[in-house]
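Below, chains carry the letters A, B, ... as their sequence lines are ordered, and counting in each starts from 1. Because only heavy atoms are used, hydrogens play no part in the values below, and waters and symmetry mates are left out as well, while side chains stay in.
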Amino acid sequence: MQLELGSIYRMPDAYDQEGGVNQEKRFAAAVQRYKDSAVGDKMNPFAEQEAWEEHQIGKATLKFGSKNKKQAVDDYQYVFEDGIDFIKESVMDGVQVERHKTFFSLDSYICCGCYLLNAVLILDVYSSSMKMHWMARLLKMLLQNLHFKRFKYDVFNNFRLANFSIAYDDRKTLPIYPYREELLQAVNDHQVLVIVGETGSGKTTQIPQYLHEAGYTKHGKVGCTQPRRVAAMSVAARVSQEMGVKLGHEVGYSIRFEDCTSEKTILKYMTDGMLLREFLGEPDLASYSVVMVDEAHERTLSTDILFGLVKDISRFRKDLKLLISSATLDAEKFSDYFDSAPIFKIPGRRFPVDIHFTKAPEADYIDAAIVTVLQIHVTQPPGDILVFLTGQEEIETVDEILKHRTRGLGTKIAELIICPIYANLPTELQAKIFEPTPEGARKVVLATNIAETSLTIDGIKYVVDPGFCKIKSYNPRTGMESLQINPISKASAMQRAGRSGRTGPGKCFRLYTAYNYHHDLEDNTVPEIQRTNLANVVLTLKSLGIHDLVNFDFMDPPPSEAILKALELLFALSALNSKGELTMVGRRMAEFPLDPMLSKMIVASDKYKCSDEIISIAAMLSVGNSIFYRPKDKQVHADNARLNFHTGNVGDHIALLNVYNSWKETNFSTQWCYENYIQVRSMKRARDIRDQLEGLLERVEIEITASPNDLDAVKKAITSGFFHHSARLQKTGAYKTVKNPQTVYIHPSSGLAQVLPRWVIYHELVLTAKEYMRQVIELKPDWLVEIAPHYYKLKDVEDTGSKKMPRGQGRAAMD
DNA sequence: GAGCACTGC
């Protein structure tokens, strides 16, 4: 199909008033090149738009009724014998989509154009007529895609140049713009405002600018929090472009490891956790005139704590304006919490999404998902598919089965490109999902929850939602965490469905019945604060001078048992005194952005002269369990590589230290990581954390000292933080925790899993198939009494059962 | 001898 020049040029939005004539010439040249290229004819960048228009026309004539029903049934004629019967139940309406579709089409066109032609030229043509918003999106898309790396520089240059001339006008086309005056009036009249802004409304980028234009930045900053680092960075970058200032000057962002602000900064985007940290240094947020908590509906731990804090300070700082921005579903809850604050609604931009449920419940959602994918592939028009699964293992299984089944069908069906994506997947493999789908093929993205909020994939038209996800929960009684598969909430289901309506009208296939949806799913996911270990939260609040935690004004209070457990722990770590006040130790601990037990371990390392080793261990532990890479087909090699760091049965903490130090010796070599089955990304993170901790040591006046030949010193420092995570070997080969006795096991991935020392200290308890201790070191029982005499008495650690120990066990390296 | 959703400081 030929590219229709006029179809672009007639669109008023794409037309630049002043530069029109020049633009036209340049554009014509670009298009000529496009036509000259061999591949030019193969693409129809506007297919998507045409399909959409067709759909809209169809909608106008068909409307509802029996005719509509019939079509839905026709759509899903079975191709496979065991096909799944879907019923279209509802349509999630798109909002304000009139002309914006143009730009969706344009950027996918340009994307192809960059790839096949000349990035600079095409962008040059469009740069002054294209909406900033799509420009930013496009840029993101280009940078994310490995194929486009070499265009980075040029695109960026054009992007910048383009901005100066068009920034202001473009802002006027966002859906929020007509509400500008009304919004500013509302902010003026009320101290707290709940803003309901759907995706694409422009609230995150525009509201802080409106406030700045209205003079709110004269006496303080406008701060805007985001739940994720990338969001804070990219939004700040966009706003600085729109305002025509350099990033880090008037507009900046602040995230961990990276403070891109200066004294000039008046619009500051940051992660929610970062604002929480700022509270510690500035408990009344005196330097802010407005705080906007964005994406509040996500209810991250930090957001929830921020709510309590900002609500509190708004009582005595009447000049501080609060904006809470959230998705539609729970706006009233936010309003109630903030003393009936008014709700301000702003429409967004999204295409309509048809929602289909299964007629009958599906017993096996994995199988149902596979069948649905194939059904879509065979019966539905082009468009990529996104399948939500719960974890790596499921993704690998579905990947295999899909490959197997499509191979069986041979050339009868079009090519199906399968792309797995989950957070622990190495970055270079993740990039695959952003590659454009070749003509005639269809892409299936198998994703975890990462695709629900954290990353968006263009071109997704169909979403398959089995209705499950893995959720972490915490049992305060046993101190055990578990990661289990749970049904998702309605809010989550809506979010997943919406993922198909980003670049055109979409369809969502839910692998559960409409009855299940309405009757069995919770409205919202239980907020994190109610299912997590609160030790760190309590320490933070205590260091802010908040003493009465049980009566702290949480929007959804955590279980009081969890608070008491946290208080107990902090007392045992001597971070709190018997009156519940912060001690000197506690004050030092609060400086570290770590779990209190890790912080205590660092503070204690001063005494044992091994702070150098301890901060490496703390950094490695806080990266989590994603250090070692263990692909399915090379498990034996990976396990051997891991055991190399464990010679002498030194314990997992020391093994982690060995990993870090070996990596450091290679001058942080990437190659070394590959050779040893270690995740580069995790190691870099560990290095960043370690650097930060090193800086903080100075702040709490702990000298950096190393005791390379005294592992006992290191283990004693660890014990100082983790003494209540002690366990003793039983006759059966299981362990029993010393306080609050329960039966636990060493995790098979531990270097000590075959050794079974008599006494161990563990880093964490995780409930999976069994109650497992993850990251274990051996311990001399007298240390417990020596290090924590207030917690252990001699009788607790008497080795009464030692003679009955099974032969060959309980004799580890330390004898 | 088993299995690590996702963020954030």
Side-chain angles (χ1 to χ4, degrees), chain A residues 225-232 254-259 270-280 295 298-306 388-397 421-425 447-455 468-473 481-486 488 492 495 525 528-529 531-532 536-537 539-540 590-596 598-599 618-619 622-632 635-636 638-639 679 682 685 688-689 692-693 696 733 745-754 756 764 766-775:
Chain A
T225 72
Q226 295 291 321
R228 278 169 292 280
R229 297 160 49 93
V230 261
S254 172
I255 56 178
R256 188 182 186 183
F257 312 129
E258 216 180 320
D259 183 5
M270 60 190 121
T271 46
D272 45 14
M274 208 64 205
L275 185 62
L276 200 55
R277 282 272 137 191
E278 282 191 16
F279 255 100
L280 290 172
E295 315 288 353
E298 286 194 28
R299 304 292 306 275
T300 67
L301 189 58
S302 306
T303 309
D304 266 21
I305 301 162
L306 281 176
F388 283 98
L389 296 165
T390 65
Q392 177 178 351
E393 206 180 337
E394 266 181 33
I395 290 175
E396 281 168 358
T397 310
I421 177 100
Y422 45 88
N424 272 352
L425 192 73
T448 58
N449 250 9
I450 194 171
E452 200 177 296
T453 48
S454 307
L455 59 87
F468 291 95
C469 69
K470 270 189 191 161
I471 289 196
K472 195 172 89 174
S473 56
E481 286 182 339
S482 57
L483 198 58
Q484 276 158 345
I485 296 178
N486 281 15
I488 58 170
S492 210
Q495 178 75 22
T525 313
E528 193 183 357
I529 198 161
R531 48 183 173 86
T532 195
N536 203 11
V537 172
L539 183 63
T540 309
E591 290 286 330
F592 295 95
L594 297 171
D595 194 82
L598 288 171
S599 313
S622 60
V623 164
N625 50 16
S626 54
I627 302 258
F628 298 97
Y629 178 54
R630 198 167 183 259
K632 231 178 179 174
Q635 290 182 354
V636 182
D639 289 349
Q679 299 249 29
S682 302
R685 207 179 134 69
D688 284 341
I689 296 175
Q692 188 190 24
L693 295 178
L696 289 168
Y745 303 85
I746 294 187
H747 196 279
S749 67
S750 164
L752 293 176
Q754 313 299 323
L756 299 181
E764 60 181 355
V766 186
L767 175 68
T768 49
K770 277 180 181 175
E771 292 84 355
Y772 283 115
M773 300 181 278
R774 271 214 290 245
Q775 320 289 16

Please work out if [X] contacts a base, only the sugar-phosphate, or nothing of the nucleic acid, heavy-atom cut-off 4.0 Å.
X      : answer
A:A753 : nothing
A:I450 : sugar-phosphate
A:D688 : nothing
A:I255 : sugar-phosphate
A:T390 : sugar-phosphate
A:T448 : sugar-phosphate

Worksheet item: Does A:T271 make a side-chain N or O approach to OP1 or OP2 of B:dC9 shorter than 4.0 Å?
Response: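 For B:dC9, OP1/OP2 do have a side-chain N/O of A:T271 under 4.0 Å.
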
Nearest-neighbour nucleotide for the [X] side chain, [options] considered:
X      : options             : result
A:A423 : B:dC6, B:dA2, B:dA5 : B:dC6
A:L483 : B:dC6, B:dC4, B:dC9 : B:dC4
A:K470 : B:dC9, B:dC4, B:dC6 : B:dC4

Item to complete: Would you name the heavy atoms of A:I689 and A:F257 that are closest together and state the gap between them?
Response: CG1-CZ, 3.7 Å

In whole angstrom, what separates [X]'s [atom1] from [N]'s [atom2]?
X      : N     : atom1 : atom2 : answer
A:E591 : B:dC9 : CD    : C1'   : 12 Å
A:F628 : B:dC4 : CZ    : P     : 17 Å
A:E394 : B:dA5 : CD    : C1'   : 11 Å
A:N536 : B:dC9 : CG    : C1'   : 8 Å
A:L767 : B:dA2 : CG    : C1'   : 14 Å
A:L301 : B:dC6 : CG    : C1'   : 13 Å
A:I689 : B:dG8 : CD1   : P     : 11 Å
A:R531 : B:dC6 : CZ    : P     : 14 Å

Worksheet item: With distance as the sole test, does A:S454 use its side chain to make a donor-acceptor pair with the main-chain N or O of A:A451 at under 3.5 Å?
Response: no

Discussion item. Please determine whether side chain to side chain contact (heavy atoms under 4.5 Å, CB included) holds for the pair A:E298 and A:T453, giving the CA-CA distance in whole Å, both sets of side-chain angles, and the decisive distance to 0.1 Å.
Written reply: CA-CA 9 Å; A:E298 286 194 28; A:T453 48; 3.8 Å; yes

Practice prompt. For side chain to side chain contact (heavy atoms under 4.5 Å, CB included), just list the numbers for A:I485 and A:K470, CA-CA rounded to whole Å, side-chain angles, deciding distance to a tenth of an Å, and then say yes or no.
Written response: CA-CA 4 Å; A:I485 296 178; A:K470 270 189 191 161; 3.9 Å; yes

Fill in: DNA chain B: 5'-proximal contact among A:F592 and A:S454 (nearest heavy atom)
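With A:F592 and A:S454 compared, the 5'-side residue is A:S454.
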
Practice prompt. Find which nucleotide of DNA chain B each of A:I421 and A:R256 is nearest to by heavy atoms, and output the residue with the more 5' nucleotide.
Written response: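 That would be A:I421.
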
Discussion item. Side chain to side chain contact (heavy atoms under 4.5 Å, CB included) for A:T300 and A:E295? Distances and angles first, verdict last.
Written reply: CA-CA 9 Å; A:T300 67; A:E295 315 288 353; over 6 Å; no

